[in-house]
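In what follows, every chain begins at residue 1, and chains take the letters A, B, ... in the order their sequences are listed.
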Amino acid sequence: MAKKILIVDDEPDVLKVAMFRLKKAGYEILTALDGQTALSSIRNEKPDLILLDLRLPVLDGPEVCKQVKNNEELKQIPIILFTATTDTTAAVEAEGLEADDYIIKPFEPEELFEKVKNIIG
Amino acid sequence: MDKELIRILHVEDDEIDRQLVKRILVGCSRPIEFNIESVNRMSAAIERLDNRDYDIALLDLGLPDTSGIESVQMVKRADPNIPIVVLTGTGDEEIGLLAIKNGAMEYLSKGMALEELLVRTILYALERKKAEMKIKETVEIKSEFISMVSHELRTPLTAIKEGIAIVLDEAAGEINDDQKELLDIAKRNVDRLARLINDVLDFQKLSAGKMRFDMQEKDINEIVKEVHKTMVCLAKEKGLDFSFKAEESLPKVSFDSDKITQVLTNLVNNAIKFTEKGSINISTNDGENKILVSVSDTGCGIEQEDLPKVFRQFEQLAKGGARKTGGTGLGLAISKEIIEQHRGKIWTESEIDKGTTFHFVLPVKERRKAWRRKS
């Protein structure tokens, strides 16, 4: 079965384009535009990786991250955080939220590609 | 009628002068109430400035614990925004002018007709300060706006750029030659737009003093060598010789490697761009208390009258400008900011049809300022 990657961003174009090559390589790409939809998608679809923007409508990114990492059933799903803040605060934030990695916006698609490959192979 | 209240910190150790100022201000016929607090030492003045708000400082330059210009500098450090009016001894014009150069609003010599001048000078200084703050605020709003806009532009651009790259790589299916040609043009222009946005952001950050510098003591030859190595191919493609003449055993200087690499890359890039035949050379030299790096070419050269323009923003001297060279018009303006924030200097020499040399120096040791040693 194809591995699933869930993109959670209210402006998902950049991520979608960046993930196009993975889609071609056989991964299934899912998207959610807000935190609430993301959570139900995570529960139903059990993706292999979550790309999560910190700023989201309805339910924001940190809350989604917490709920996933505090859930016995979901917490092993790796999460890459997207943030627009500076390097150091992003690192601290990612660690505090127990995310697996983080990327600062705007980013180069190759950077994301590398991180995704590192996590789900 | 409500009187306007003006809070004054009067720094003066001479009792007679203090009384004189007080008498003039209290006796003022305008609808202004002066609230005067007097101190007779700089140390006391700084303590007050730390704890209270004043509208203006009247400052005597002959205090027991500081004197002259140092007094102005100390008040400025304690409260960078307070307008300062300096009171000097009779006939001491020179020190008064020097005080203004160091940030005082105005000076009054105690020999002048203070009765008439003092109140007017205070009011004038306050108005001027207001105008200055307004300008400062406007500049800040402008630079925040530029930074925000540039940031917002980058995200959609990333999507466009990667979309084009995927189609060009034929990762989304085969494309024909016409499609490829058009997408190549789109890609080239998106890349240029991205460079422009990055440069605007960089320049904005630099000139607002918001760029962080990672300063480390290093041998400059290391990074010059690196830049030479990465750019020698580009020069060769154009049939140019590119040499590096390093002065061995240079003293170490403190600099941000990425930023100086950016400057060097920019200078070499320009040299290659504007040179059709001949050679490019980088050299390093030991100056007194500084190191000198020079990038020279045998290119078209720059008119003498245009030399002062080269470091200005968006100044493209080449005919055809950005279109021909693919530049953003910000490279040298950014380089100048970077070098100056290293406390260095950058300049250029050129002769038409002979070539151009850009030099920059970086100081070997940051010189301590005199007041730091004293305080």
Side-chain angles (χ1 to χ4, degrees), chain A residues 2-3 5 7-34 51-57 60-61 80-92 101-117, chain B residues 143-175 179 183 186-188 190-206 208-216 256-259 262 328:
Chain A
K3 284 194 175 174
I5 301 171
I7 295 171
V8 193
D9 195 336
D10 58 338
E11 282 183 65
D13 282 0
V14 177
L15 290 171
K16 268 197 203 159
V17 176
M19 301 306 283
F20 185 86
R21 290 172 207 265
L22 284 177
K23 195 170 140 195
K24 280 281 159 186
Y27 292 91
E28 192 181 336
I29 308 293
L30 313 167
T31 48
L33 302 181
D34 66 77
L51 306 181
L52 179 66
D53 193 48
L54 279 178
R55 265 185 236 171
L56 291 171
D60 72 357
I80 300 179
L81 287 180
F82 288 84
T83 157
T85 43
T86 58
D87 214 336
T88 41
T89 51
V92 171
D101 209 340
Y102 66 93
I103 286 188
I104 296 155
K105 283 181 165 182
F107 58 91
E108 290 296 319
E110 297 93 83
E111 196 189 343
L112 173 65
F113 207 73
E114 283 305 308
K115 296 207 181 213
V116 170
K117 271 203 307 199
Chain B
S143 78
E144 260 168 43
F145 176 75
I146 293 172
S147 147
M148 193 197 75
V149 168
S150 315
H151 222 94
E152 290 295 314
L153 288 172
R154 269 158 71 159
T155 304
L157 202 59
T158 312
I160 298 170
K161 204 173 141 184
E162 184 63 4
I164 293 172
I166 288 169
V167 181
L168 265 178
D169 284 359
E170 304 197 321
E174 238 175 80
I175 54 171
Q179 290 163 340
L183 281 174
K187 182 184 182 317
R188 212 165 49 240
V190 166
D191 285 346
R192 193 174 131 204
L193 192 54
R195 274 203 309 278
L196 188 57
I197 291 168
N198 282 338
D199 278 3
V200 168
L201 255 182
D202 260 16
F203 184 70
Q204 202 296 94
K205 260 195 199 164
L206 276 163
K210 283 183 182 153
M211 183 73 92
R212 257 186 276 167
F213 284 79
D214 177 21
M215 302 291 271
Q216 275 169 22
D256 179 319
S257 296
D258 288 348
K259 303 282 187 307
Q262 190 182 344
T328 63

*Asks:* Taking CD in A/E11 as the centre, count heavy atoms belonging to other residues, nucleotides or ligands within less than 6.0 Å. Is the count above 12?
*Replies:*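 Not buried by this count: 12 neighbours or fewer within 6.0 Å.
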
*Asks:* Is the number of heavy atoms from other residues, nucleotides or ligands under 6.0 Å of B/F145 CZ greater than 12?
*Replies:*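 Open.
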
*Asks:* Which pair of heavy atoms, one from A/V17 and one from B/G163, lies closest together, and at what distance?
*Replies:*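 Smallest heavy-atom distance, with atoms named: CG1-N, 3.3 Å.
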
*Asks:* If you compare all heavy atoms of B/A171 against all heavy atoms of A/F20, which two are closest, and at what distance to 0.1 Å?
*Replies:*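 Of all heavy-atom pairs spanning B/A171 and A/F20, the closest is O-CE2, 3.8 Å.
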
*Asks:* With rounding to the nearest 0.5 angstrom, report the CG to NZ distance, B/D169 to A/K24.
*Replies:*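 Answer for the CG-NZ pair, B/D169 versus A/K24, is 13.0 Å.
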
